[in-house]
Amino acid sequence: MKTYSYNDGYATCVETRSSLRIFSDIVGPLEVAAQLDLQPTKSFTKGEPFGKSQQLRKSNGWFYSTKGFVQSRDTRRHLDWIIDAIEPRRAAIHALVELGCKIDIFSFWVSIGHGGPTIEPEQMRRLSEMKISVGWDVYFDENNDEDR
């Protein structure tokens with residue numbers, strides 16, 4: 001049960017989004033989607049070429065992103081959107097981990113000053129029960145005033 005309020009206008013954030021990421025050398029994106037009964041927002045297959053150099057992907061990837069779905073500068077809202085989608089699929093998440101999948105949530109955060117993203121104890125508990133870690137890729141927007 002959520003016991004906190006979101007701050008959708010998070011003053012020190014320009015932009016944020018989060019993605020559930022599932023990587024595997026063995027389990028392909030179609031099997032992940034079938035196990036979770038959830039369509040990815042992006043996926044790729046091991047051996048598929050990518051980038052200008054057309055390097056080959058070293059693993060399979062399946063992603064479920066808040067980009068374009070959650071309009072908030074509060075990472076907690078993005079995390080809850082993902083957690084709410086996957087928590088009922090906890091058994092499938094555990095089964096994917098047993099198959100060797102690496103699962104995490106990674107968030108993008110553009111900062112314009114002091115203060116950064118937060119995560120609530122309730123979110124930590126829910127993620128811990130699914131054995132999912134959270135990380136951030138943090139950037140600083142040099143075009144904005146740091147004194148906000």
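Both the sub-6.0 Å distance and the 45° axial angle are satisfied by Arg17 relative to the ring of Phe108.
Using a 3.5 Å distance cut-off with no hydrogens or angles, the side chains of Thr41 and Ser65 do not pair a donor with an acceptor. Between the side chains of Ser107 and Thr75, no donor N or O sits under 3.5 Å from an acceptor N or O. Between the side chains of Asp137 and Tyr139, at least one donor-acceptor pair of N or O atoms lies under 3.5 Å. Between Tyr4 and Asp80, the side chains place a donor N or O and an acceptor N or O closer than 3.5 Å (distance only, hydrogens not considered).
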One pair to check against salt bridge (charged side-chain N to carboxylate O under 4.0 Å, His left out): Lys46 and Glu48. What are the steps and the verdict? CA-CA 6 Å; Lys46 183 177 179 177; Glu48 177 183 309; over 6 Å; no

Between Arg126 and Asp84, is a salt bridge (charged side-chain N to carboxylate O under 4.0 Å, His left out) present by the stated rule, with each step listed? CA-CA 10 Å; Arg126 293 169 74 194; Asp84 290 345; 2.7 Å; yes

With salt bridge (charged side-chain N to carboxylate O under 4.0 Å, His left out) as the criterion, how do Arg73 and Asp8 come out once you've worked through the C-alpha distance, each side chain's angles and the decisive distance to 0.1 Å? CA-CA 5 Å; Arg73 294 190 314 235; Asp8 292 320; over 6 Å; no

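In this structure the side chain of Ile93 reaches within 4.5 angstrom of the side chain of Ile132, judged on heavy atoms. Using a 4.5 Å heavy-atom threshold, the side chains of Leu20 and Ile86 count as touching.
The two residues Asp37 and Arg89 make their nearest non-hydrogen contact at O-NH2, 3.1 Å. For Trp62 against Pro29, the heavy-atom pair with the smallest separation is CD1-O, 3.4 Å. Nearest heavy-atom pair across Ala92 and Leu36 is CB-CD2, 3.8 Å. The shortest heavy-atom contact between Cys13 and Ile112 is N-CG1, 4.2 Å. Among all heavy-atom pairs drawn from Glu31 and Leu99, the shortest one is OE2-CD1, 4.0 Å. In terms of heavy atoms, Ile83 sits closest to Pro88 at O-CD, 4.4 Å.
With rounding to the nearest 0.5 Å, the separation of OG in Ser59 from CZ in Phe44 is 5.0 Å. To the nearest 0.5 Å, atom NZ of residue Lys67 and atom OG of residue Ser18 are 13.0 Å apart. Rounded to the nearest 0.5 angstrom, Asp104 CG and Phe23 CZ are separated by 6.5 Å. Rounded to the nearest 0.5 angstrom, Gln39 CD and Leu30 CG are separated by 8.5 Å.
No chain of hydrophobic side-chain contacts below 4.5 Å, direct or via other Ile, Leu, Val, Met, Phe, Trp or Tyr residues, connects Val70 to Phe106. Cluster membership for Ile103 and Trp136, using ILVMFWY side-chain heavy atoms within less than 4.5 angstrom, is shared. Note: the hydrophobic cluster containing Ile119 also contains Ile105 (ILVMFWY, side chain heavy atoms under 4.5 Å, direct or indirect links). When hydrophobic clusters are built by joining Ile, Leu, Val, Met, Phe, Trp and Tyr residues whose side-chain heavy atoms come closer than 4.5 Å, directly or via intermediates, Val97 is grouped together with Leu127.
Every pair passing ring pair (Phe, Tyr, Trp, His ring centres under 6.0 Å) that includes a residue from residues 71-90 is listed here, sequence neighbours excluded: Tyr64-Trp81, Phe69-Trp81.
Checked against side-chain contact (heavy atoms from CB on, under 4.5 Å), Arg90 has the following partners two or more places apart in sequence or in another chain: Glu87, His94, Glu129, Met130. Residues passing the side-chain contact (heavy atoms from CB on, under 4.5 Å) test with Ser24, sequence neighbours excluded: Ile26, Val27, Cys101.
Of the residues listed (Met124, Glu120, Gln123), the one engaging Leu79 in a side-chain contact (heavy atoms from CB on, under 4.5 Å) is Gln123, and it is the only one.
Formation of a donor-acceptor pair under 3.5 Å by the Arg77 side chain with backbone atoms of Gln71 is not found in this model.
A ring-centre distance under 6.0 Å is not found for Trp109 and Phe140.
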